[in-house]
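Written below as structure tokens is the structure these notes are about.
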Amino acid sequence: MRKISTIIDGKRVITKKPELLAPAGDLQKLKFAFMYGADACFIGGKEFSLRARASNFDTKDIKEAVDFANSLNKKVYVTTNIICHNENLDGLEDYLHSLESVGVHGIICADPYIIETAKKVTPNLELHISTQQSITNYEAVNFWYDEGIERVVLARELTAKEIKTVCENTECQIEVFIHGGMCVSYSGRCTLSNNMTDRDANRGGCAHSCRWNYDLYKQSDNEVNKKNPDEISFAMSSKDLMTLEYIPDLIEYGVDSLKIEGRMKSLHYIATVVSTYRRLIDDYCADPDHFIFDKDYVNQIKKAENRLTAEGFLGGMTTIKHQLYNMRSEQPTKEFVGLVLEYDESTEIVKIEQRNYFTIGDTLELLSFNGQISEFKIEKMSDEDGNELDVARHPRQIIYFKSSIKMEKDNIIRKVINNEQVAK
Amino acid sequence: MKKIELITYPKSYEDLLQIKDDITGFIIGIKDLSLRVPLVIDPDEVEKYITFANENNKKIYIALNSIIHNEKLHLIEEILQQDFIKYVHGVYFGDLSVYQIAEKYKLNEKLIYHPETLVANYKIANFWHQKGIMRAVIAKELPLEDILQIGRMSDLEIEIMVSGYYPMFHSRRNLLTNFFLYVDNKDEIDKLGNDNYLIKEEIRNEFYHIIENENGTHIYAPNHLVMIEYLQQFINENISTFRIERQFIEDKDFYQILKAYNKAFEEISVRPESFEINKEKYLGEIQRIIPNSNTGFLFKKTIYKGGK
């Protein structure tokens with residue numbers, strides 16, 4: 001059994017807090033993810049990584065990421081999760097050495113060749129089995145554990161009950177996806193993209209063919225008849241994963257790492273999603289027996305979430321409520337309007353970089369690193385030359401205003417989205 | 001030259017009698033544990049097929065190739081402890097739990113790794129050789145030069161699918177049922193389980209078979225794979241086990257395809273030089289039976305790292 005709690009002064013507290021693992025598409029996102037509460041980040045290097053377009057880290061960047069993480073006592077994992085073809089085999093040892101030499105904590109991999117090579121040449125790199133291996137049961141987890149693997153990322157097809165059973169039957173670290181996009185197929189077993197676009201899904205080229213629109217036909221005798229109404233395409237696409245309400249269960253099962261997906265996502269999204277899960281995990285662990293799930297966690301996520309969400313398989317077999325049929329997307333309720341660059345406590349002057357349109361009179365809110373929200377009204381602002389402004393309309397424009405709310409460098413400022421304004 | 005194996009799936013015992021002269025071995029499925037296998041039986045029926053295999057000098061394989069969730073692990077354990085396991089030639093698996101349990105019973109040598117997509121280079125094959133298994137089935141998304149190199153460089157016996165419609169997608173979700181519920185066409189849900197649904201992407205003029213069953217939803221490639229022209233090259237590079245799929249193919253067509261392959265292998269073993277001359281005729285025969293046949297990824301290189 002995984003021991004996750006202890007009694008202190010008659011009160012149960014969680015002592016085995018799971019790691020909160022966040023995606024980072026570039027260095028800035030990585031820093032934001034850490035500052036907003038992630039315990040670890042996963043990034044893509046230039047080689048051997050899926051999600052090629054989100055793999056922006058060269059060795060120098062990886063070193064900077066690791067140094068930053070170390071300064072906060074946090075971790076960086078690098079995805080090396082392709083399934084190689086023969087032509088991709090060369091250069092692996094050098095690449096792994098370079099990751100180890102800059103202090104990367106672990107790699108996330110699926111190809112036994114990469115796993116075996118890393119075991120041999122870079123023993124200091126922790127090895128995590130990627131969800132591309134579609135591990136769905138504890139015996140398969142134990143296969144990798146017996147191979148000397150530290151952690152297995154479970155398939156996204158597992159129910160909460162199945163995750164619990166896995167945790168009860170292995171000593172291997174278990175990582176579970178808690179938020180973000182979902183494959184419709186078992187991951188790693190899908191070649192729609194290969195067949196339809198010549199882009200190799202297991203080598204970073206997935207074209208997301210499972211999210212496209214199709215017509216459905218039925219063949220009977222020699223006739224082929226369309227079975228979907230003209231106005232409704234056949235679609236397989238899944239709503240994104242959001243598991244806020246399951247986090248207490250996952251903590252109680254002793255899951256070791258909770259993973260947010262989305263290396264392509266924006267700064268605003270990363271900061272919002274990470275800080276919300278951070279607050280939820282901390283709230284629960286502090287006093288699990290008196291924890292009450294507050295809908296505010298959901299409302300916070302909605303401020304940046306641009307997709308419809310559901311709990312995936314966690315609640316059991318998926319149904320139509322987990323499918324995405326008419327490609328609707330969710331409108332985030334808040335817009336990222338400014339990034340704090342400096343705050344002078346003595347003068348209460350804040351310097352920000354503009355990210356989206358806002359005007360005098362708008363009610364804005366500050367998202368602090370601890371997830372706290374503070375609202376304020378913008379009454380007066382000026383540009384770098386001291387000229388007063390009515391509107392902030394130029395991207396990346398430097399703007400000053402006065403605020404009694406204490407701000408920190410890299411805090412996010414946002415406002416309620418005015419849908420009419422967005423439509424323009 | 002290693003002895004060539006030509007393997008396929010019977011649909012029934014009677015069907016097995018029909019195809020036995022054209023095959024060296026056959027694969028049967030076990031209830032609740034097999035994926036995409038035409039004949040699925042209860043464990044207590046396996047005996048009959050073992051007897052058949054022995055009497056006809058054929059190899060019998062069982063497919064335990066499902067993606068296994070916890071609640072089925074005990075079934076895998078039960079099957080692998082059955083007496084008949086001693087008498088089957090091999091056990092196909094795609095989920096590592098089967099290896100993990102089989103190893104406990106020292107059955108490694110019976111195992112054939114068949115995860116559809118995950119054996120894509122010779123180092124992976126060699127990893128499985130180290131694990132002591134019998135052979136691995138290589139991914140279908142590989143160009144000819146890769147297949148030949150895997151055959152050449154691998155210490156493990158390699159199996160390749162050479163004919164049929166192959167799967168390219170497997171979801172745990174019931175995608176057809178969900179869709180028919182969404183469009184409020186409940187009548188259609190009762191008819192699921194037939195093999196006759198197809199999907200077509202809006203801008204692509206191709207039809208993909210889609211099936212929903214107790215394992216979820218499966219989608220197949222649009223073209224029928226034919227590799228008959230390249231058999232000699234595979235054999236030259238140490239690949240000696242060949243599998244023919246039959247899903248979506250009418251029995252009479254399937255029997256002809258099987259005969260053509262069997263004949264091709266006979267010719268290769270006795271007069272390889274004449275096979276070289278005749279191989280296009282074999283191809284023509286298959287194309288006459290299934291006009292939309294092609295060579296899959298043999299001459300189609302997939303892009304490594306989209307976006308660049």
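Residue numbers start from 1 in every chain, and the chains themselves are labelled A, B, ... in the order their sequence lines are given, proteins ahead of strands.
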* To do: Below 4.5 Å from any heavy atom of chain B, which atoms of A:I232 appear? Answer side chain, backbone, both or neither.
  => both

* To do: Compute the centroid of each ring, for B:Y113 and then for B:F93, and state whether the two points are separated by less than 6.0 Å.
  => yes

* Asked: Given that the side chain runs from C-beta out, which part of A:E162 has a heavy atom under 4.5 Å from chain B: side chain, backbone, both or neither?
  -> both

* To do: Report the relative orientation of the aromatic rings in A:W212 and A:Y214; use parallel for angles under 30°, tilted for 30 to 60°, perpendicular for over 60°.
  => parallel

* Structure fact -> Contact list (residues 292-300 of chain B to chain A, heavy-atom gap under 4.5 Å, by number) returns B:F297, B:K300

* To do: Name the region of B:Y220, side chain, backbone, both or neither, that has any atom closer than 4.5 Å to a heavy atom of chain A.
  => neither

* Asked: Which atoms of B:E116 come close to chain A, meaning under 4.5 Å heavy atom to heavy atom: side chain ones, backbone ones, both, or neither?
  -> neither

* **Region of B:L73 in contact with chain A, defined by heavy-atom distances below 4.5 Å** => side chain

* To do: Heavy-atom distances under 4.5 Å only: say whether A:M317 touches chain B with side chain, backbone, both or neither.
  => side chain

* **Residue part contacting chain A, namely of B:Y99, when any heavy atom lies under 4.5 Å** => side chain

* Could you label the plane-to-plane angle of the A:W144 and B:F127 rings as parallel, tilted or perpendicular, counting under 30° as parallel and over 60° as perpendicular? => parallel

* Least distance between heavy atoms, A:T136 atom then A:L158 atom -> CA-CD1, 3.5 Å

* Structure fact -> chain A shares the most heavy-atom pairs under 4.5 Å, among B:V119, B:L176, B:L96, B:I203, with B:L96

* Identify which one of A:N86, A:D111, A:N88 satisfies the side-chain hydrogen bond (donor to acceptor under 3.5 Å, both in side chains) criterion when paired with B:N121. => A:D111

* To do: Identify the residues of residues 178-192 of chain B whose heavy atoms come closer than 4.5 Å to a heavy atom of chain A, ordered by number, or report 'none'.
  => B:N178, B:F179, B:F180, B:L181, B:Y182, B:V183, B:E188, B:K191

* Asked: Residue by residue, which of residues 103-110 of chain B have a heavy atom closer than 4.5 Å to a heavy atom belonging to chain A?
  -> none

* Structure fact -> Taking a cut-off of under 4.5 angstrom between non-hydrogen atoms, the residues of residues 136-144 of chain B near chain A are B:E141, B:L142

